[in-house]
Amino acid sequence: MSSYTVVFFDLETTGLDTQVCDIIQISAVYGKRVFNAFTVPRCDITKEAARLTGFSVTGGALFLHGEPVSTVPLWQALLSFIDFLRSFCGPVYLAAHNAARFDAPVLKRALKEFTLLEQFQSLVPFFLDTFLLSKHLFPRFPSYSQRYMVERFLDKTYNAHDATEDAKMLQELFHKLKPSRRVVMNALV
DNA sequence: TGCCAGGCCCTCTTTAGGGCCTT
């Protein structure tokens with residue numbers, strides 16, 4: 001396989017049900033480059049998601065911890081995200097923690113809704129699941145949550161449930177772990 | 001009122017059940 005670029009991303013959503021939840025925030029990082037977009041979800045935010053993320057919707061506007069947030073329509077956020085991904089030369093592997101089970105299906109469902117999936121997949125042939133990667137690397141760990149891995153390897157806590165911070169931490173963790181190409185290939189989904 | 005999903009993985013398994021990881 002030729003060269004590839006690993007871009008780290010994270011979604012904040014209205015809940016955990018990948019078949020019905022809606023995207024609230026998309027963030028991605030590559031080095032110092034950051035992509036971020038907020039969008040007003042079209043379904044209710046579950047009580048637990050609202051508690052964890054601090055997002056709320058009032059009068060059709062998005063708020064984060066009570067402060068108004070600038071948003072764009074979901075289709076526009078997705079198109080901007082595709083433009084960001086297109087700016088890299090060659091294929092992009094989009095990395096997220098538990099990508100296979102959560103971020104990838106949610107993102108792909110949204111892209112499909114706006115008939116953007118094919119365009120997206122021409123840029124992103126695979127997702128990289130750092131949860132699977134962590135399990136492959138360290139078979140006997142008591143936990144593989146992103147928070148645990150960050151605390152263990154980077155010795156720091158961070159603002160989890162902010163998509164940009166989560167993506168930045170994941171990038172830092174990945175570079176600390178320095179997984180071999182073989183391990184990376186085994187964590188593609 | 002309801003207190004969410006889901007599929008892999010592990011083991012006190014395989015004639016099953018519970019924990020994990022994401023919001």
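In the text below, chain A, chain B and the rest are named by the order of the sequence lines, each starting its count at 1.
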Ring pair (Phe, Tyr, Trp, His ring centres under 6.0 Å) with A:Phe35: of A:Phe88, A:Phe84, A:Tyr30, only one passes, and it is A:Phe84
Could you work out which one of B:dC21, B:dT23, B:dT11 sits closest to the side chain of A:Ala49? B:dT23
Of the nucleotides B:dG6, B:dC4, B:dA5, which has the atom closest to the A:Glu48 side chain? B:dC4
Is the ring centre of A:Phe153 less than 6.0 Å from the ring centre of A:Phe138? yes
Between atom NZ in A:Lys47 and atom P in B:dT1, what is the gap in whole Å? 10 Å
For A:Leu79, what residues pass the side-chain contact (heavy atoms from CB on, under 4.5 Å) criterion, not counting sequence neighbours? A:Trp75, A:Leu116
If I take atom CD1 in residue A:Ile23 and atom P in nucleotide B:dT23, what distance separates them, rounded to the nearest angstrom? 13 Å
Closest nucleotide among B:dT11, B:dA5, B:dC4 to the A:Arg140 side chain: B:dT11
Rounded to the Å, how far apart are A:Arg51 CZ and B:dC4 P? 13 Å
Whichever of A:Asp17 and A:Thr53 has the more 5' nearest nucleotide on DNA chain B, that residue is A:Asp17
Check this one for me: any side-chain N or O of A:Gln19 less than 4.0 Å away from OP1 or OP2 of B:dG6? yes
Whole-Å distance, A:Leu94 CG to B:dT22 C1', equals 16 Å
Want to settle it: does A:His161 or A:Pro139 sit nearer the 5' end of DNA chain B, counting the closest nucleotide to each? A:Pro139
In sequence, state the C-alpha distance, the side-chain angles, and the governing distance for A:Phe8 and A:Leu173, and then conclude on side chain to side chain contact (heavy atoms under 4.5 Å, CB included). CA-CA 11 Å; A:Phe8 300 84; A:Leu173 176 65; over 6 Å; no
What residues in residues 95-109 of chain A put a non-hydrogen atom under 4.0 Å from any atom of DNA chain B? A:His97, A:Asn98, A:Arg101, A:Phe102
Side chains of A:His97 and A:Thr130: any donor to acceptor distance under 3.5 Å? yes
Expressed as a whole number of angstroms, how long is the span from A:Phe131:CZ to B:dT22:C1'? 9 Å
Which of residues 37-45 of chain A sit near DNA chain B, with a heavy atom under 4.0 Å from it? none
Winner on side-chain proximity to A:Lys135, out of B:dT22, B:dC9, B:dC4, is B:dC9
Under 4.0 Å from OP1 or OP2 of B:dC3: is there any side-chain N or O of A:Thr46 that close? no
